> 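One structure, pasted below without further comment.
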2 protein chains.
Amino acid sequence: MIPDSYSLHKRLAMKKNKLSRKEREQLQRRALILQAALELFSEKGYHNVTMQEIAIRAEFAVGTLYKFFKNKEELYKEILMQTANLFRSALSNVLEEKGDEYAQVKKYLKTKCKLFMENILLVRLYFAEAGAGVSISVKRELETELRSFYEQVIQKLACVFEKGIQKKFFRPLDPYYLALAFDGMSNAFLFSGLEDPDRHPVDTNLIEEIFFEQIYLT
Amino acid sequence: MIPDSYSLHKRLAMKKNKLSRKEREQLQRRALILQAALELFSEKGYHNVTMQEIAIRAEFAVGTLYKFFKNKEELYKEILMQTANLFRSALSNVLEEKGDEYAQVKKYLKTKCKLFMENILLVRLYFAEAGAGVSISVKRELETELRSFYEQVIQKLACVFEKGIQKKFFRPLDPYYLALAFDGMSNAFLFSGLEDPDRHPVDTNLIEEIFFEQIYLT
DNA sequence: TCTTATAATGAATTTATATTCATTTTGTGA
DNA sequence: TCACAAAATGAATATAAATTCATTATAAGA
């Protein structure tokens, strides 16, 4: 793979770091482009952002974007898949930890809130596209992939509920729907907090209380 | 308003019906265009539908569309506002009926489900655009208007919860967040049912049980 | 039937923007 | 410092779709 023409020190460096400085620089530039695109897409939506705008925001020429990404759609796809992977892996990990199911669900909520807060741009973009399970600006292929990621997380959450039911922690209702309900409820809070964080700060304790405790008395 | 040139029978007819046959025909054509556009928009999204396509589906010429709507955006706007109004007025009415707050919330859920089922295309479109509170293909003006419609409904629902709390029907938690939680939870079920109605039929009793009853035991 | 007004048509125009590629710039090793 | 390869550039091109408007068709009254 490494051409003979490469100088010795370069070849040595590559053995060590795997990536040469040049390659690291390229990767960084790529990331800059992705970041600029993310900002613009999440502000204005896929179709209302031009490659020119992305180029300007990233401080490159349009042509350069095409050195890094085949076309606009690829660029977009990569951003969405990034988000989906980030969320899926973080939430899956939480749900795979062993232990008290009640605590696990609470941890899931905490983690989800944290992810939302720390990735507001990504969240806006992701849910604008795949949010209600009604995607529209992306090809069906990608849409399907995104939905499957969401399904995977809900399924894992359902497993936790199921174990919790077996242990008599939770009321014996269909665990899939419990997961759906819990996730949907927390989404409502998170979106509301996303819109206006000052007026509607996200209170995970309140979410838990509404979900887990009795609302209708007697 | 009625020009003198109009013949007698026409003028008489207009006194009675308010609208002449011609006007009724125009209105019907307008509705046909809106219907065709709704179908296409909800299938493929605003930006992936051309005026040509709408014209073909509605069986008119492109130019004709512009006789009825100033431009593509107006056409779109009208469809979204239709939905928003339909939902807001139906749900507001339910929530203004006097009586038992527990029953009112249940009625709200029933009505919402019915609206979803009977207007799947509109729902898909509406939530793809304004769903997560993250609109993107529309101008900010319309986006704000749509969000305010949603807020109004949530506020009304919150009032019902508030009254219910006063009467000790419900656990005394912030009524706004109770409303948000109930609505968010039901949305999750409805979207899931929208995606795959056979595998996930919407069960309002289950939604109520999860929301109102205790989930975490002891 | 003829005339006129009203409405519908769709080819042509305009506009917008994704993508390309000939040219320029930059960085590297000799 | 120079020559060369690699990378970046952005004006030019291609493409697609929104909108217009001169022309044609339709309907209504005389």
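What you see is a predicted model, and the numbers here were worked out from it, not measured in a lab. Every chain is numbered from 1 and lettered A, B, ... according to where its sequence line falls, protein lines coming before strand lines.
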> Kindly give the atom pairs (protein nitrogen or oxygen, nucleotide nitrogen or oxygen) under 3.5 Å for nucleotides 23-26 of chain C.
none

> Any idea which of D/dA8, C/dA8, C/dT20 is nearest the A/Gln26 side chain?
D/dA8
> Can you tell me which nucleotide in D/dT19, C/dT6, D/dA8 comes closest to the side chain of A/Lys67?
D/dA8
> Measuring only between side-chain heavy atoms, which start at C-beta, is B/Tyr108 closer than 4.5 Å to B/Val160?
no
> If you restrict it to nitrogen or oxygen atoms, what contacts under 3.5 Å exist between nucleotides 12-17 of chain D and the protein, and what is each distance?
none

> How many Å lie between CD on A/Glu53 and P on D/dG10, as a whole number?
17 Å
> Could you check which of C/dT6, D/dG10, D/dT19 has an atom nearest any side-chain atom of A/Val62?
D/dG10
> Below 4.0 angstrom from OP1 or OP2 of D/dA8, is there any side-chain N or O of A/Arg29?
yes
> Do the side chain of A/Lys72 and the main chain of A/Tyr46 share a donor and acceptor less than 3.5 angstrom apart?
yes
> Between A/Gln104 (side chain) and A/Leu95 (backbone), is there a donor-acceptor pair under 3.5 Å?
yes
> Knowing that exactly one of A/Lys106, A/Lys107, A/Lys156 qualifies, which makes a salt bridge (charged side-chain N to carboxylate O under 4.0 Å, His left out) with A/Glu97?
A/Lys107
> Considering only C/dT9, D/dA8, C/dG27, which nucleotide approaches the side chain of A/Arg21 most closely?
C/dG27
> Within 45° of the ring axis of A/Phe149 and under 6.0 Å from its six-membered ring centre, is that where the NZ or CZ of A/Arg88 lies?
yes
